[in-house]
There are 2 protein chains.
Amino acid sequence: MAEKRASAPRQSETPVRETAVDLTGPVEDYLKAIYDIERDQQAAATNEIAQRLQIAPASVSGMVRRLAEQGLLEYERYKGVKLTAAGRRAALRTIRRHRVIEAYLVQALGYSWDVVHEEAERLEHAASDDLIDRMATAIGEPSTDPHGAPIPTRDGRVDERRHRRLSELRPGQRALVTRVGDEDPELLRYLASLGLLPNATVTLDERAPFEGPLTIRVEQARYQVGTALAERVLVELLPD
Amino acid sequence: MAEKRASAPRQSETPVRETAVDLTGPVEDYLKAIYDIERDQQAAATNEIAQRLQIAPASVSGMVRRLAEQGLLEYERYKGVKLTAAGRRAALRTIRRHRVIEAYLVQALGYSWDVVHEEAERLEHAASDDLIDRMATAIGEPSTDPHGAPIPTRDGRVDERRHRRLSELRPGQRALVTRVGDEDPELLRYLASLGLLPNATVTLDERAPFEGPLTIRVEQARYQVGTALAERVLVELLPD
DNA sequence: TGAGCAAGTTAGTCACACCTAATTCAAATG
DNA sequence: CATTTGAATTAGGTGTGACTAACTTGCTCA
């Protein structure tokens, strides 16, 4: 706390040492968001970052420049951003924290899966790596969080397989639910009520035209769901 | 995040509503420190607050005025500060968080008692009340943290008995260790090596003049300790 | 009683991370 | 190829919580 003024660039002296940036909460959130966007597109657009973080696009421009200066991402004006190796490492560290915390809250403290996201969102910035590792150990080093998202390892590896969306299945195809969006408690409660949880088997029966509702089957039961929902459920195709 | 600008005073409209201040990390730290100081003195001095928080006294003056405006403390220039009921409530809430977290880390995650303070210091600002309650339940609602400090209840009650310091014993007196300072890992490890833990029985054998070392006995063993150490160990006199 | 001094305060800055409004850029369209 | 348009940026500003330097206050002791 005495050394809050530690942001001067500091020429030479040490051999660069740009890895030792201490990441504030907001910075970690930017990196997480950018990592997430990059999984789909190849460069993250200012607007999209702004939307995920619920802040004004103008704010993103400024922050992104600072992060680029710190070597966490590559940035060319008007061209979007890409994480550097250091940035990706930092993002994965935060994502690991988030997912371990979610898993721990559910498995060790009896939280319901629909509410852990918010709590994890705050704790991920405060927990030490040591704490995260202890939590992971305590619940048996799970490989995914309660919503099916893969947990990066201590050394930053993560299962990056790209699953398809339930909305992309063709009628008649059967698939295993692997992952669902973790943010919206309402959605999660609804999914649970349908039994549409990770590891459930789902079959797409038919799809109404013009982005209409999908008819699906989950363990015998038949439901109609909208495309918005079906886009938030990731699946892995099962052999017929 | 969209309503960051929620700090305008807002006249009338609602019947005052000054309880709904959302406490930032620094604010919680101020309140904790002031609560702590008030336990000894009757009003907290600017300098002392500054020292505990490791910031400049000038910074305290400004902050303290803001806290007074928010109804968290009473403040008269040059006279020190006192917590209001609301301020005390907020302080105790933070202290409860801190101590429950410390106890949980030790009892549920196998942390050693000398290192939990730092971790708790960060987590206490991020954990929800619900999480704290779950942690407390999981470890059987302990009444003290690992260093013997009493844990305030959900509704803000706390055992405020004033224990005496080991350094205040008279030669020949026997006492029960109730509590030790929680901040310094070095000190804690040393205390552990002497067996000077909460619930240990200690006897003061003699005290060298001029603030000299004290000779104590802990379970048969005899040690010489300095007054600085003896001041950080709180005890409860045992009947002879 | 008044001089000295430590404690406390004010004044003026700064970094951070956000904001709105105004502007610039790039890419698509006529 | 000029224009439109939406994305992105810059300009300028805010609140928070820290800082240093310069000042007041009030208390103690001669």
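Just so you know, these numbers come straight off a predicted model, no measurement behind them. Order of the sequence lines fixes the chain letters, A, B, ..., with proteins taken first and strands second; residue numbering starts at 1 for each chain. Worth knowing before you read on, the calculation uses all heavy atoms, side chains too, and leaves out hydrogens, waters and symmetry mates.
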With a 4.5 Å heavy-atom cut-off, do [X] and [Y] have their side chains touching?
X	Y	answer
I95(B)	E124(B)	no
V27(B)	H125(B)	no
T46(A)	V64(A)	no
L234(A)	R165(A)	yes
P150(B)	E160(B)	no

Could you state the [atom1]-[atom2] distance from [X] to [N], rounded to the nearest angstrom?
X	N	atom1	atom2	value
E69(B)	dT16(D)	CD	P	10 Å
Q70(B)	dG15(D)	CD	P	14 Å
R66(B)	dT16(D)	CZ	C1'	6 Å
M63(B)	dG15(D)	CE	P	16 Å
H125(A)	dA17(C)	NE2	P	12 Å
D29(B)	dT16(D)	CG	C1'	14 Å
E28(A)	dC16(C)	CD	P	16 Å
I49(A)	dC18(C)	CD1	P	12 Å

With respect to the phosphate group of dG17(D), does any side-chain polar atom (N or O) of T24(B) fall under 4.0 Å of OP1 or OP2? yes
Tabulated below should be each protein N or O lying under 3.5 Å from an N or O of nucleotides 1-11 of chain C; please produce it.
| residue | atom | partner | partner atom | Å |
| --- | --- | --- | --- | --- |
| dA7(C) | O5' | N47(B) | ND2 | 3.4 |
| dG8(C) | OP2 | N47(B) | N | 2.8 |
| dT9(C) | OP1 | Y75(B) | OH | 2.4 |
| dT9(C) | OP1 | Y78(B) | N | 3.0 |
| dT9(C) | OP2 | T46(B) | OG1 | 3.0 |
| dT9(C) | OP2 | S61(B) | OG | 2.8 |
| dT9(C) | O4' | Y78(B) | OH | 3.4 |
| dT10(C) | OP1 | R77(B) | NE | 3.4 |

Side chains of T227(A) and E211(A): is there a donor and an acceptor less than 3.5 Å apart?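 Note: T227(A) and E211(A) side chains miss the donor-acceptor criterion.
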Ion pair check, E28(A) and K32(A), cut-off under 4.0 Å: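 No, no charged N to carboxylate O under 4.0 Å.
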Consider side-chain hydrogen bond (donor to acceptor under 3.5 Å, both in side chains). Of H147(A), R97(A), Q107(A), which one does E102(A) pass it with?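 For E102(A), the side-chain hydrogen bond (donor to acceptor under 3.5 Å, both in side chains) check succeeds only for H147(A).
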Sequence-distant partners of H117(B), ring-ring contact (aromatic ring centres under 6.0 Å, His included), two or more places apart: H98(B)
Counting only Watson-Crick and G-U wobble pairs with both atom distances below 3.5 Å, the stems of 3 or more consecutive pairs that include DNA chain D are C:1-30 with D:1-30
